[in-house]
Amino acid sequence: MAKTNIVVIGAGFAGVAATKKLAKHFKKNNDVLITLIDRHSYQTYMTELHEVAAGRVEPDAIQYDLQRLFNRNKNVDIVTDEVKHVNHESKEVTTVNTVFHYDYLIVAMGGEPNTFNVPGVDENGFTLWSWEDANTLRRHIKDTVEAAAIEHDVEKRKAMLTMVVSGAGFTGVEMIGDLMEWKDRLAKDNKLDPNEFSFYLVEAAPIILGVVTEKESSKAERYLNKNGVKIIKGNGVAKVEEDSIELSDGTIIPTHTLIWTAGVKANTDTEDYGIEKGRAGRLVANQYMEAQGAKDVYLAGDIVYYEEPDKDNRPTPQIVQNAEQTGHTAAANIIAAYEGKEKVPHKSNYQGFMISIGSRYGVAYLMDKIHLSGFIAMAVKHLINLFYFLSIGSVYYFVQYIHHEFFHIRDGRNIFRKHLSRYGNVLWALPLRLYYGSMWLIEGLKKLFGLFGTTSWFGNEVTLPFSWLQDPTSGATEAVEEVAKPVFGLNYVYGEEPMMVFKEMPGWFESIMKFMLPNQDVALFFQKFMTLVEVAIGLAIIFGLFTWLANAATVALVVSFSLSGMFYWVNMWFVPVAIALMNGSGRAVGLDYYVMPWLQKKLGKWWYGDIKSIYEPGIEK
Ligand SMILES: Cc1cc2nc3c(=O)[nH]c(=O)nc-3n(C[C@H](O)[C@H](O)[C@H](O)COP(=O)(O)OP(=O)(O)OC[C@H]3O[C@@H](n4cnc5c(N)ncnc54)[C@H](O)[C@@H]3O)c2cc1C
């Protein structure tokens, strides 16, 4: 039987959400193939474009490779190609390199900047709607500032250090926010005075951030003003030259950098698909996200024009939540069509807006009632971003996001400033690693050989002090020596009896231990095994092999020794030391330097397959 082909064009928020839902549903159905086509081999995390453009994060931080996102979805064929045409009569998608037949199609090709034919924007301005846009802008700003640093003409130099963002919606505000924060780094790198820079936010409407309430709008305005951004309202950009812009009221602002974020329209690639168009060229969908005028074609994301009856017939907003929700509706209705079930009408549920203004301040208006600002608004934004990776099942990018937003960030450009990130030198951890590893090795060797007058754990005597394992004939429990009263402390003080973390095992832990070590034979095996574990941990830490795991294991041992009534507070330093050593210390004169990159490469290839810049048709997972 021929397979049913579901083709999804566009691997943005909408396309990825729809493909994930379809892949999960048809997981066990070998008759359905889902082909996801995008011109890139990765999903662009659009909501962070400004962070790349303004040097906050590295360009690859916002490229989420599709192979990594869909590696476990064996029914998804990823194709890197540019779609040229859709023929809904013959049910064909024509790309630069091939033609795909479809039974069901989802068009999720997003939008593009709308310059409203303002003269000069296309030729002299910069847009922010793709990874390439963000990278071009980043390079332009760096090059222009570098050139300004050696420019003697004061006026020209001033123009080169002036940056203007046109459009004060969330994209524009986020862009100018990150730019103003980049100033100090740009100035420092080029030996410039930060006061020489100028930033403008130009908005034709009388307010900025019209998507939120007046409260957020004015807070955002105050914060921007405080940080030196000049806000011009009720006055749009009328003309853009190479070295200046002209506003509607005739004001001229000399600048070499005009960033246009003043409007979005539908992706013009879809112009001739024969689907009815709504405002700004967006494609009209019905309540099932079916395209008007094209059978078996569904729409999702920014490209959709759908007036929501329960939202005063306002068209669906061009935001991530809408992209994901329309993507889910489109996928659900393809499933319904395939299975001959009843289709479900689209029902949106928007949680609100969160806008970052630089990396440390934000404003948010959530669920039509909650107003947030500052640190808390930014923290919520990060949590929502992290939740996105969980929603598409990507632990890899969840971890990567934490790395690029918090740990590997320069100049303290995150809500925790420099508290979480520092370009440090792991060599300083070497003495501590050798000391801590030796400590475990010595303890292990004592137990192995009974060194320094201790009892070997490798004999035929149970050394674990658990009551149910004691030999009743040995008399071990009989005479209890009179001991000094234990004193709490985190270091050993001469003459003081150190205090146990737990004097006796908690009941629940005792039940587990009784289950694990029911008799002396098992206990003997266990104590020998634990001895070898301690020796292995000691050696691993000393030689810097699997250092993270070895140190994590010591934390687990401390917890278990404590609960067993065998651990003193004075040794609690093990835990912070182990945590400190988990910070890549094994790579400083250690085997992890060689082993970890090799292992990461091998495991990455095994789990994710080959990561490529172009994925050809034909599933290779
Ligand atoms: C700087 C910026 C900040 C933003 N901040 C926020 C925010 O904070 N919150 C929020 O909710 N929204 C924000 N948005 C809007 C949000 O990014 C969009 O609403 C969302 O990306 C729309 O998702 P989508 O899947 O419809 O389209 P996109 O994410 O644009 O994806 C479309 C995909 O289609 C592919 N494609 C297009 N044409 C073709 C073709 N011819 N052939 C092959 N592939 C093609 C593209 O490569 C792309 O991968 C922001 C947008 C920008 C630009």
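Counting starts at 1 for both ligands and their atoms, in listed order. None of the values given here were measured: they were computed from a predicted structure.
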Among all protein heavy atoms, pick out the one at the shortest distance from atom 41 (N) of ligand 1; state its residue, atom name and that distance to 0.1 Å.
D269 OD2, 2.7 Å
What atoms in ligand 1 come closer than 4.0 Å to a heavy atom of T171?
1 (C), 2 (C), 52 (C)
Nearest heavy-atom neighbours spanning F170 and Q318
CZ-O, 4.1 Å
Atoms of ligand 1, numbered as shown, that sit under 4.0 Å from any heavy atom of G10:
33 (C), 34 (O), 35 (C)
With atom 14 (N) of ligand 1 as the reference point, say which of F170, Y350, W129 has the nearest heavy atom.
F170
If you count the atoms of ligand 1 from 1 in the order shown, which ones are under 4.0 Å from a heavy atom of L49?
1 (C), 53 (C)
Compute the minimum heavy-atom distance from D38 to ligand 1 and say whether it is under 4.0 Å.
yes
CD1 (I355) and OG1 (T171) are apart, to the nearest 0.5 Å, by 10.0 Å
Of F389, F70, Y608, which meets ring-ring contact (aromatic ring centres under 6.0 Å, His included) against Y396?
Y608
What do you reckon, does F13 have a nitrogen or oxygen under 3.5 Å from a nitrogen or oxygen of ligand 1?
yes
contact_flag Q43 ligand 1 heavy-atom lt 4.0 Å
no
Who pairs with F100 by ring pair (Phe, Tyr, Trp, His ring centres under 6.0 Å), at least two apart in sequence or on another chain?
none
What are the atoms of ligand 1, with element, lying closer than 4.0 Å to any heavy atom of D302?
18 (C), 19 (O), 20 (C), 22 (C), 26 (O)
How does E48 reach ligand 1, by side chain, by backbone, by both or by neither, if only non-hydrogen atoms under 4.0 Å count?
neither
Taking only non-hydrogen atoms of A108 and a 4.0 Å limit, the atoms of ligand 1 in range are 32 (C), 33 (C), 34 (O)
Q321-ligand 1 polar pair, N/O distance under 3.5 Å:
no
Take K347 and D310, measure what salt bridge (charged side-chain N to carboxylate O under 4.0 Å, His left out) needs, and give me the verdict at the end.
CA-CA 9 Å; K347 186 99 185 67; D310 59 341; 2.9 Å; yes
Test your reading of the structure: does A14 have an N or O sitting under 3.5 Å from an N or O of ligand 1?
yes
Specify whether F126 and H140 have parallel, tilted or perpendicular ring planes, treating 30° as the upper limit for parallel and 60° as the lower limit for perpendicular.
tilted
Passing candidate, salt bridge (charged side-chain N to carboxylate O under 4.0 Å, His left out) with K381, options E174, E51, E48
E174
Would you say T47 has any N or O atom under 3.5 Å from an N or O of ligand 1, going by distance alone?
no
Please identify which atoms of ligand 1 are closer than 4.0 Å to at least one heavy atom of K381.
8 (O)
When distances are taken from atom 37 (C) of ligand 1, the protein heavy atom at minimum range is N267 ND2, 3.1 Å
With heavy atoms under 4.0 Å as the rule, classify the contact between E174 and ligand 1 as side chain, backbone, both or neither.
side chain
Could you tell me the residue and atom name of the protein heavy atom closest to atom 23 (O) of ligand 1, and the distance to it rounded to 0.1 Å?
A323 CB, 3.6 Å
What residue and heavy atom of the protein are closest to atom 31 (O) of ligand 1, and at what distance?
G12 CA, 3.3 Å
Check the pair V79 / T95 against side chain to side chain contact (heavy atoms under 4.5 Å, CB included), numbers first and verdict last.
CA-CA 10 Å; V79 177; T95 64; 5.8 Å; no
Hits for ring pair (Phe, Tyr, Trp, His ring centres under 6.0 Å) against H88, two or more places apart or cross-chain, chain-then-number order -> none
Measuring from atom OG1 of T162 to atom NE2 of H256, what distance do you get when rounded to the nearest 0.5 angstrom?
8.5 Å
Ranked by distance from atom 27 (O) of ligand 1, the top protein heavy atom is G110 CA, 3.4 Å
In the protein, what heavy atom is nearest to atom 17 (O) of ligand 1, and what distance, to one decimal place, separates them?
M46 CB, 3.2 Å
Are any of the N or O atoms of H50 closer than 3.5 Å to those of ligand 1?
no
ring-ring contact (aromatic ring centres under 6.0 Å, His included) assessment of Y401 paired with H404
CA-CA 5 Å; Y401 182 89; H404 80 243; 5.3 Å; yes
Check ligand 1 against L128 and write out every atom of the ligand that is under 4.0 Å from a heavy-atom position of the residue.
1 (C), 53 (C)
Distance to 0.1 Å, residue and atom name: give those for the protein heavy atom nearest to atom 16 (C) of ligand 1.
V320 CG2, 3.9 Å
Report yes or no: is the cationic atom of R72 (NZ for Lys, CZ for Arg) closer than 6.0 Å to the six-membered ring centre of W607, at no more than 45° off its axis?
yes
Checking a contact table here: which protein heavy atom is nearest atom 15 (C) of ligand 1, and how many Å away?
Q318 O, 3.8 Å
Are side-chain N/O atoms of E216 and T213 paired as donor and acceptor at under 3.5 Å?
yes
Is there a heavy atom in I355 that sits closer than 4.0 Å to ligand 1?
no
Rounded to the nearest 0.5 Å, what separates atom CG in L299 from atom CD1 in I9?
10.0 Å
Please classify the I303 to ligand 1 contact at 4.0 Å (heavy-atom distances, strictly less than): side chain, backbone, both or neither.
neither
T4 and D103: side-chain donor and acceptor closer than 3.5 Å?
no
Stepwise ring-ring contact (aromatic ring centres under 6.0 Å, His included) test for Y397 and Y45
CA-CA 11 Å; Y397 284 115; Y45 206 69; 9.5 Å; no
For atom 45 (C) of ligand 1, state which one of R39, E324, E51 supplies the nearest heavy atom.
R39
Once the angle between the rings of F407 and H403 is folded into 0 to 90°, is it parallel (under 30°), tilted (30 to 60°) or perpendicular (over 60°)?
perpendicular
Can you sort out which atoms of ligand 1 are near V83, meaning under 4.0 Å from one of its heavy atoms?
40 (C), 41 (N), 42 (N), 43 (C)
